[in-house]
Amino acid sequence: MALNKDVLGAALYNKAGKYNEKDIDNIEQARQEFWKGVAEEIINHLKSNATLTVPGTGLVSPQGPVTGVSTTGTIL
């Protein structure tokens, strides 16, 4: 699956919902945990859904053409 705003939006909405109406004693720690959770959802979405397509014509570097065989891989 390609990147999808609806899937990512739902994941972020659900993550944010876990912090709603929560009794917060340390607001700074709660904010930090919230944004770490948001970042984690974005990273997980990219890891699960991002694809990279290399053109069939190959790659070129400043020193000339890049040789070798391309393979399918995962963005980590």
Side-chain angles (χ1 to χ4, degrees):
M1 169 192 283
L3 297 178
N4 184 302
K5 67 177 175 57
D6 296 326
V7 172
L8 179 58
L12 294 175
Y13 178 84
N14 291 334
K15 181 61 82 172
K18 292 180 180 180
Y19 293 91
N20 289 344
E21 310 217 7
K22 188 175 183 181
D23 186 20
I24 299 174
D25 294 325
N26 184 340
I27 190 71
E28 287 304 313
Q29 181 179 354
R31 285 179 179 157
Q32 191 174 52
E33 288 174 8
F34 172 80
W35 286 110
K36 283 181 180 180
V38 168
E40 180 181 38
E41 289 300 327
I42 293 169
I43 290 167
N44 289 339
H45 186 73
L46 291 172
K47 287 168 115 177
S48 299
N49 300 299
T51 57
L52 175 65
T53 304
V54 177
T57 57
L59 301 173
V60 178
S61 74
Q63 289 79 26
V66 177
T67 59
V69 177
S70 65
T71 61
T72 303
T74 304
I75 298 173
L76 299 178

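Computed from a predicted structure; not experimentally measured. Note: hydrogens, waters and symmetry copies are ignored here, and every other heavy atom, side chains too, is used.
Tyr13 and Val38 fall into different hydrophobic clusters, where Ile, Leu, Val, Met, Phe, Trp and Tyr side chains are chained together by heavy-atom contacts under 4.5 Å.
Shown here are the side chain to side chain donor-acceptor pair (under 3.5 Å) partners of Glu40, two or more places apart in sequence or in another chain: there are none. For the side-chain contact (heavy atoms from CB on, under 4.5 Å) test, residues two or more places apart in sequence or in another chain that qualify with Glu28 are Asn26, Arg31. Scored by the side-chain contact (heavy atoms from CB on, under 4.5 Å) test, Ile43 finds Lys47 as partners (sequence neighbours excluded).
Without hydrogens or angle criteria, His45 side chain to Lys5 main chain gives no donor-acceptor distance under 3.5 Å.
Residue Phe34 holds its CZ atom at 12.0 Å from NZ of Lys18, rounded to the nearest 0.5 Å. Distance check, rounded to the nearest 0.5 Å: CD1 of Ile42 to CG of Leu3 gives 11.5 Å. Distance check, rounded to the nearest 0.5 Å: CG of Asn49 to CG of Asn4 gives 7.5 Å.
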